[in-house]
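I have placed the structure first, in the form of structure tokens, so that the comments after it can refer back to it.
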There are 2 protein chains.
Amino acid sequence: MDIDSIDRKIIDQLRMDGRRSFAVIGRNVGLSEASVRARYRRLSKAGIVQVVGMADAPKLGDIEVHVAIRVRGVTVASVAKQLVAIPEIKFVASAVGAYDLIVDLRCESVVHLSGILSERIRRVNGVHVVETLTVLEVMKDTYLWAGFREDSTPYTQQVIRRRTGAVAR
Amino acid sequence: MDIDSIDRKIIDQLRMDGRRSFAVIGRNVGLSEASVRARYRRLSKAGIVQVVGMADAPKLGDIEVHVAIRVRGVTVASVAKQLVAIPEIKFVASAVGAYDLIVDLRCESVVHLSGILSERIRRVNGVHVVETLTVLEVMKDTYLWAGFREDSTPYTQQVIRRRTGAVAR
DNA sequence: GGTGAAAGGCCCTAGAG
DNA sequence: CTCTAGGGCCTTTCACC
């Protein structure tokens, strides 16, 4: 699937603010609202972007754990497939490095966490080493920064535009 | 800051679909649209939720790296403070486990990645051990699942409501 | 904290280039 | 893939509880 520079601009806008309207995004990237929506649908269906609400687990009283797993004897994909099915696991990716799989999970309590680790993850055939890091405090969790590309149209501009009714371009 | 069960329901709705309208969320949680918006603003300003577009790095041709860092000689907070300032780093959290800090970063190329690792992260005073995992393929990255709470009003219901014009409740 | 009303903007589909 | 047009829904702000 091809992703052009306009697609990337749309993604950047959504990284900065997932609720920004397609009309505003269209103005910022120089496309009509309908086209932005069509592109978003395409990107969304392809699994390239998704707009989600992200919650700070510790602030909510939840427990977030980042797990690194080393696989032995079976394929990484077969282990991943079983982990994906566990609802508390929100992120699964294969990796190169000291471990083969990166898994993030979120749950209600240490009891719940313990159960998932010992009764679900460690029991998956092929899971050899499990390294667990429990999140204490999130210092930064942001997609606000658009990458190496410039944010030529900051959010404030959107607000000004609305207040004054002025229309650029 | 207090977070009640309605706040959690609102967060759950946004986890499932970050672009869901406040009007629909209000219907689903049994509150007026204005109230949902007010609660969202409060949660958002407190840094408890943020709605963002998430992009699949490998599919975009970007490189995503998950890093675990062990700190020695200085406080974890002082190291975190310096890492937070690096724009390519999108996630920083303190942790308990074999490492003290969890850092996720995203960049354009291996050259770019290498520069950040060797010239920025490793040069931070107190950074002792750096364990790097490069994401190959994302198998799951979802906040679709609302947690241990039930999703009593699936997205399809929203669609049906719109198509038929019927209004529940 | 919560609601409801009015004005304006946005969302979404359809149809055509 | 892009745009325009339109009806309906949503957002925003306000005054008020």
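Naming: A, B, ... by sequence-line order, numbering from 1 per chain.
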Atom CZ of B:R37 and atom P of C:dG9 are separated, to the nearest Å, by 16 Å
Sorted by chain and number, sequence neighbours left out, ring-ring contact (aromatic ring centres under 6.0 Å, His included) with A:Y99 holds for none
B:A38 meets the side-chain contact (heavy atoms from CB on, under 4.5 Å) criterion, sequence neighbours left out, with none
Separation of D:dT12 atom C1' from B:Y40 atom OH, nearest Å, is 15 Å
By side-chain contact (heavy atoms from CB on, under 4.5 Å), B:E33 pairs with (sequence neighbours left out) B:F22, B:A23, B:R37
Test side-chain contact (heavy atoms from CB on, under 4.5 Å), reference A:V92, set A:I86, A:I102, A:V84, output is A:V84
When rounded to whole Å, the CD1 to C1' distance for the pair A:I25 and D:dT2 reads 17 Å
Nucleotide N/O of nucleotides 3-7 of chain C paired with protein N/O under 3.5 Å:
from, atom 1, to, atom 2, distance (Å)
C:dT3, OP2, B:S32, N, 3.3
C:dT3, OP2, B:S32, OG, 2.6
C:dT3, OP2, B:S35, OG, 2.2

Rounded to whole Å, the CZ-P distance (B:R20 to D:dT11) equals 12 Å
* To do: Mark yes or no for whether B:R19, through its side chain, and A:G18, through its backbone, hold a donor-acceptor pair below 3.5 Å.
  => yes
Whole-Å distance, B:F22 CZ to C:dC11 P, equals 13 Å
Out of C:dC11, D:dC10, C:dG1, minimum distance to the side chain of A:S21 belongs to C:dC11
side-chain contact (heavy atoms from CB on, under 4.5 Å) filter on A:D4, not counting sequence neighbours, yields A:I6, A:D7, A:R39
When rounded to whole Å, the CZ to C1' distance for the pair B:R41 and D:dT13 reads 11 Å
Contacts satisfying ring pair (Phe, Tyr, Trp, His ring centres under 6.0 Å) that involve residues 61-91 of chain A (not counting sequence neighbours) are A:H66-B:F91, A:F91-B:H66
Taken to the nearest whole Å, CG/B:D2 to P/C:dG1 is 10 Å
If one requires at least 3 consecutive Watson-Crick or G-U pairs with distances under 3.5 Å, the stems of DNA chain D turn out to be C:3-17 with D:1-15
Under a side-chain separation threshold of 4.5 Å, the hydrophobic residues clustered together with A:V96 are B:L136
Out of D:dC1, D:dT11, C:dC12, minimum distance to the side chain of A:R42 belongs to D:dC1
B:R19 CZ to D:dC9 P, in whole Å, measures 19 Å
Sorted by chain and residue number, the side-chain hydrogen bond (donor to acceptor under 3.5 Å, both in side chains) partners of A:R122 (sequence neighbours excluded) come out as none
